[in-house]
Amino acid sequence: MTDFDVIVVGAGPAGSAAALVLARAGKRVCLLERGPFPGSKNMYGGVVYGRILDTLIPRWWEEVPVQRWVTRRGTVVMTDEQALTIDYRTTAWGQAPYNGATTFRADFDAWLAEKAERAGAVLVCSTTATGLLRDDTGRVTGVRTDRPEGDLTAEVVIACDGVNSFLAKEAGLYLHPEAEHFTLGAKEVLGLPRDEIEKRFNLTGREGADFEIIGCTQGIPGGGFVYTNLDSIAVGVVVSVTGLAEAKARPEELIAGLKRHPMIAPLVEGAELKEYSAHVIPEAGFDMMPELTCDGMIVAGDAAAMCLAAGIWLEGVNFAIGSGKAAGEAAVDALAVRDTSVSGLVGYRSRLEAGFVLADHKKLRAAPGLVMSNRMQQAYPALVCNLVEGLFTVTNPAPKPGLVSLGRRELKRAGVKIRHLVRDAITAGKTFG
Amino acid sequence: MSGRNPSTPPYDQTMPSAAPPATAWAPVSFEARMATVDFRVGARAHITVDGDSCRGCTTKACVTACPANLFVPTSDGGIVFNYEQCFECGTCYLVCNTEGALSWTYPDGGHGVVFHRS
């Protein structure tokens, strides 16, 4: 008999969701976490969209550890000296069932892991899974850990071991990760008094703001963000790993550049650095996903590149929970029919395809490439800002220019041909439409 | 008629600039920046760098890309690496173009970086 029915590696949102589903189904589950507590290795770039929790934890919003509920979402297009913001706010997002929340992963991930633990999963922290156990046929039969006599056997291993997933690589599911598919997120959490945050961001109570920014990464493909916690704000950048290397730029200097921007500087003035953090993100979505299963193993969350980086939609924790939940359900089904081979685990992919996880990723598969393209990163932010500046700058005594002539002028200045614009518009229309 | 250029009325010269100061927050040294992070340093170096392999590397991309600034070029063209303040992010092995220069594992359980409010 195996030590457990299922071993889940990584007590992030994917792993804890999987373990919760399995424990509720009465399975013997071990949830392994290499950090001293769940969430201790994790950081993110700003908002947890919680509705995937509706099916797992009814009225989750009454207990989830939240910093603020995002009621103000700004989408910002920026150059060094300009900024155009689509600033949307609604009271609806400040009421149940809410839309998005800011949180600390050390709190959020620990909360979700505790749910799994209370349902009967065995949470083992401070334990690194160092490799896979496999039988003669190559079938995964468990994991090796760095505890003395730390081999653990199971019918199914669910690898939720994060973006670097050594387990998925060892299983041969993810043999050649390309550096081009990854971004680096670097973030500062800056302390400010609560009332000062509310004044600067026009918030009351637990209302929160989230600004997602393009054009703020000094020509390196990527973007930036500013969001509010209760008594701190987070400012960060997400940049192409290869772009960062080529530019020979320092991540913290990119953050400093964003903080100096005339739109951002007043928001962060006088704030004191509380925690600096960094993490790699699987950015390329559908096109970088590994094989999702092999005999005896399922891959979920960032380990399977489930994070969604689609420009206007930047989501990850919800995709991790969604994929972890599907992995847990598929494992329950496979155990019921005593077939945990690839064919027994086929319910994983079908669940992902039937739900938002793979539906969104498939639909938005062109989005990461479009968002990270040179035109989207550099030409368009300048073009749009200049266009709006031309529109609202009163040039008396010269009469107002028409929109068409303004548009022609700015296209020319940005070096963008009409055919490029049309091509990108068609790609964007197909992707986001 | 004063004959003045209408685009530069005199009050432009006396109005205070609306531009914000260049740095509205105190600059933080890199050492102070890293001191904000909780590291539970293990006895084993989870990442090792073969400095000899690095001598032939022309890009040394790890030196600038590492968010914790842990890769230090040496005068003889090699690299030394300090594992103690590592975020365990993976940027270094992704940008490394020298086969075998980096060996990368996670720290032993319970060790390494611990984020509290990120």
Side-chain angles (χ1 to χ4, degrees), chain A residues 33-37 39-44 104-107 125-128 130 145-147 163-164 166 177 179 182 184 186-190 229 232 234 241-242 244-252 256 259-260 262 265-266 268-280 396-397, chain B residues 6-7 17-40 42 44 46 59-71 85-97 104-118:
Chain A
E33 168 57 45
R34 67 186 183 89
F37 56 86
S40 55
K41 299 291 181 184
N42 298 345
M43 60 83 83
Y44 77 134
F104 296 150
R105 295 293 298 276
D107 298 337
C125 291
S126 298
T127 304
T128 303
T130 53
T145 75
D146 62 354
R147 295 254 178 164
V163 59
N164 291 307
F166 293 112
F182 295 89
L184 172 69
K187 176 170 99 171
E188 292 182 359
V189 171
L190 303 161
N229 296 315
S232 61
V241 160
T242 47
L244 177 73
E246 279 161 27
K248 300 238 168 247
R250 293 273 332 139
E252 76 280 4
K259 286 165 70 182
R260 275 195 299 269
V268 300
E269 186 180 350
E272 183 197 349
L273 182 63
K274 295 291 186 186
E275 190 167 79
Y276 173 55
S277 58
H279 214 280
V280 163
N396 297 165
Chain B
S7 70
S17 167
T23 307
W25 29 271
V28 175
S29 72
F30 203 84
E31 202 180 9
R33 167 181 300 279
M34 295 310 290
T36 66
V37 191
D38 179 7
F39 291 102
R40 303 186 184 173
R44 180 181 69 90
H46 61 285
T59 60
K60 293 191 170 54
C62 54
V63 173
T64 48
C66 170
N69 207 5
L70 298 177
F71 294 82
Q85 295 192 318
C86 174
F87 286 130
E88 303 151 35
C89 70
T91 301
C92 54
Y93 81 78
L94 287 168
V95 301
C96 182
N97 55 14
W104 214 98
T105 63
Y106 283 129
D108 295 338
H111 293 97
V113 69
V114 175
F115 293 128
H116 293 277
R117 42 178 127 192
S118 287

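Within every chain, numbering begins at 1; the chains are lettered A, B, ... in the order of the sequence lines, protein sequences first and strands thereafter.
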Colleague: With ring pair (Phe, Tyr, Trp, His ring centres under 6.0 Å) as the test, would you mind laying out the steps for B:Phe87 and A:Tyr276 before giving the verdict?
Modeller: CA-CA 10 Å; B:Phe87 286 130; A:Tyr276 173 55; 5.4 Å; yes
Colleague: Heavy-atom cut-off 4.5 Å, strictly under: side chain, backbone, both or neither for A:Lys187 against chain B?
Modeller: side chain
Colleague: Just so I understand: if I count every heavy-atom pair under 4.5 Å between each of A:Val189, A:Asp107, A:Thr145 and chain B, which residue has the most?
Modeller: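 Of the candidates given, the most pairs with chain B belong to A:Val189.
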Colleague: Just wondering, do B:Tyr93 and A:Asn164 contact through their side chains at under 4.5 Å, heavy atoms?
Modeller: yes
Colleague: Using a 4.5 Å cut-off on heavy atoms from C-beta on, say whether the side chain of B:Pro67 contacts that of A:His279.
Modeller: no
Colleague: Of the backbone (N, CA, C, O) and the side chain (C-beta and beyond), which part of A:Ala249 lies under 4.5 Å from a heavy atom of chain B, both, or neither?
Modeller: backbone
Colleague: Could you tell me whether the side chain of A:Pro36 reaches within less than 4.5 Å of the side chain of B:Arg40, counting heavy atoms only?
Modeller: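 Contact flag for B:Arg40/A:Pro36 side chains = yes.
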Colleague: With side chain to side chain donor-acceptor pair (under 3.5 Å) as the test, pick out the partner of B:Ser118 among A:Lys274, A:Glu275, A:Glu188.
Modeller: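 The side chain to side chain donor-acceptor pair (under 3.5 Å) with B:Ser118 is passed solely by A:Glu275 among A:Lys274, A:Glu275, A:Glu188.
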Colleague: Atom CZ in A:Phe166, atom OG1 in B:Thr105: separation rounded to 0.5 Å?
Modeller: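 Separation between the atoms: 7.5 Å.
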Colleague: Just verifying a value: how many Å separate A:Leu273 CG and B:Arg33 CZ, rounded to the nearest 0.5 Å?
Modeller: 6.0 Å
Colleague: Which bit of A:Asn396 is near chain B, if near means a heavy-atom gap under 4.5 Å: side chain, backbone, both or neither?
Modeller: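 It is neither, since no heavy atom gets under 4.5 Å.
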Colleague: What is the minimum heavy-atom distance between B:Cys89 and A:Val280, and which atoms define it?
Modeller: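 Between these two residues, the closest heavy atoms are O-CG2, 3.1 Å.
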Colleague: Determine whether a donor-acceptor pair (N or O, by modelled atom type, separation under 3.5 Å) exists between the side chain of A:Lys248 and the backbone of B:Ala65.
Modeller: no
Colleague: First locate atom CE of A:Met43, then atom CZ of B:Phe115, and finally report the distance between them rounded to the nearest 0.5 Å.
Modeller: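 A:Met43 atom CE to B:Phe115 atom CZ measures 6.5 Å (nearest 0.5 Å).
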Colleague: Between B:Gly112, B:Gly110, B:Pro107, B:Ala68, which shows the greatest number of heavy-atom pairs under 4.5 Å with chain A?
Modeller: B:Gly110
Colleague: Looking at B:Glu88 and A:Lys41, does any basic side-chain N land under 4.0 Å from a carboxylate oxygen?
Modeller: yes
Colleague: OG/A:Ser40 to NE2/B:His116 distance, rounded to the nearest 0.5 angstrom?
Modeller: 8.0 Å
Colleague: Can you tell which of B:Ala35, B:Ala61, B:Ala32, B:Cys66 has the highest number of heavy-atom pairs within less than 4.5 Å of chain A?
Modeller: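 That would be B:Cys66.
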Colleague: Quick one: of A:Ala106, A:Ala179, A:Ala278, who has the most non-hydrogen atom pairs under 4.5 Å with chain B?
Modeller: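 It is A:Ala278.
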Colleague: Determine, stepwise, if the pair B:Val114 / A:Phe37 fulfils side chain to side chain contact (heavy atoms under 4.5 Å, CB included).
Modeller: CA-CA 9 Å; B:Val114 175; A:Phe37 56 86; 3.5 Å; yes
Colleague: Report which part of A:Asp146 has an atom under 4.5 Å of a heavy atom belonging to chain B: side chain, backbone, both, or neither.
Modeller: side chain
Colleague: Out of A:Val241, A:Leu184, A:Thr242, A:Leu244, which residue meets the side-chain contact (heavy atoms from CB on, under 4.5 Å) rule with B:Leu94?
Modeller: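 One option only clears the test, and that one is A:Val241.
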Colleague: What residues, two or more places apart in sequence or in another chain, satisfy side-chain hydrogen bond (donor to acceptor under 3.5 Å, both in side chains) together with A:Arg147?
Modeller: A:Thr127
